[in-house]
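These notes are about the structure you will find just below.
All values below come from the heavy atoms of this structure, side chains included, with hydrogens, waters and symmetry mates left out.
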Amino acid sequence: MLLPKKVKHRKWHKGRKRASGVDSRGIHLSFGAYGIKAKERAWVTSRQIEAARRAMTRYVQRSGKIWVRIFPDKPITKKGQEVPMGGGKGAVDHYVAVVKPGRILFEMDGVDEKLAQEALRKAASKLPLAVRFIKREM
């Protein structure tokens, strides 16, 4: 699973998933010929990223090349079961990647279009957001 080696601040504010705004970075295919682009905003956990990556890799039978374009660097905290109110913020439970609409999540190259489309569809089913298949214009 992906997680940062070192963070500047151990616990972050939650932030808000506002309805406005699209991503301005990571919106074009940079490495591969095919990819999936986010259509809505979500927090994608490191477990979901890994599950999607494994689904893609298995489907293409380890041929071609896959790029993961998101990284979970936001710590999410959680308090234990049946802990009373107060007592401060809970310990870091897991990490998420904050994804906005327009962001490229995964890229793929070295396989034909039909195979890439099905592999990316399987990966998309592991993610908590709607995505769109895109390909590079030649």
For residues [X] and [Y], determine if any side-chain heavy atom of one lies less than 4.5 Å from a side-chain heavy atom of the other.
| X | Y | answer |
| --- | --- | --- |
| His94 | Trp43 | no |
| Pro101 | Arg41 | yes |
| Asp93 | Ile76 | no |

| request: Apply the test side chain to side chain contact (heavy atoms under 4.5 Å, CB included) to residues Leu2 and Tyr95: give CA-CA distance (whole Å), side-chain angles for both, the deciding distance (0.1 Å), then the verdict. | output: CA-CA 8 Å; Leu2 297 169; Tyr95 288 88; over 6 Å; no
| Worked check of salt bridge (Lys or Arg N to Asp or Glu O under 4.0 Å) between Arg53 and Glu50 | CA-CA 5 Å; Arg53 187 196 64 78; Glu50 180 62 15; 2.7 Å; yes
Where do [X] and [Y] come nearest, in terms of heavy atoms and distance?
| X | Y | result |
| --- | --- | --- |
| Leu120 | Met56 | CD2-SD, 3.3 Å |
| Val99 | Ala38 | CG1-CB, 3.6 Å |
| Ala119 | Met108 | CB-CE, 3.8 Å |
| Pro128 | Glu40 | O-OE2, 4.1 Å |
| Pro72 | Pro4 | O-CD, 3.5 Å |
| Ser63 | Val111 | OG-CG1, 3.7 Å |

| Single-linkage hydrophobic cluster Val131~Phe133, side-chain heavy atoms < 4.5 angstrom | yes
| query | In terms of hydrophobic clusters joined by side-chain contacts under 4.5 Å, are Leu127 and Ile66 together? | reply | yes
| message | side chain to side chain contact (heavy atoms under 4.5 Å, CB included), that's the test. Do Val7 and Asp73 meet it? Break it down for me. | response | CA-CA 8 Å; Val7 289; Asp73 59 351; over 6 Å; no
[atom1]/[X] to [atom2]/[Y] distance, rounded to the nearest 0.5 angstrom?
| X | Y | atom1 | atom2 | value |
| --- | --- | --- | --- | --- |
| Leu29 | Ile36 | CG | CD1 | 11.0 Å |
| Thr45 | Leu3 | OG1 | CG | 12.0 Å |
| Ile104 | Ile134 | CD1 | CD1 | 3.0 Å |
| Ile49 | Phe71 | CD1 | CZ | 8.5 Å |
| Leu129 | Lys39 | CG | NZ | 10.0 Å |
| Tyr59 | Thr57 | OH | OG1 | 13.5 Å |

| field | Listed once per pair and sorted, the salt bridge (Lys or Arg N to Asp or Glu O under 4.0 Å) pairs that draw on residues 103-130, sequence neighbours left out | value | Asp23-Arg103, Arg69-Glu107, Glu113-Lys135, Glu118-Arg121
Distance-only, no hydrogens or angles: does the [X] side chain make a donor-acceptor pair with backbone N or O of [Y] under 3.5 Å?
| X | Y | result |
| --- | --- | --- |
| Lys78 | Gly90 | no |
| Lys74 | His13 | yes |
| Arg136 | Gly32 | yes |

| task | Mark yes when over 12 heavy atoms from residues, nucleotides or ligands other than Lys14 sit less than 6.0 Å from its NZ; otherwise mark no. | result | no
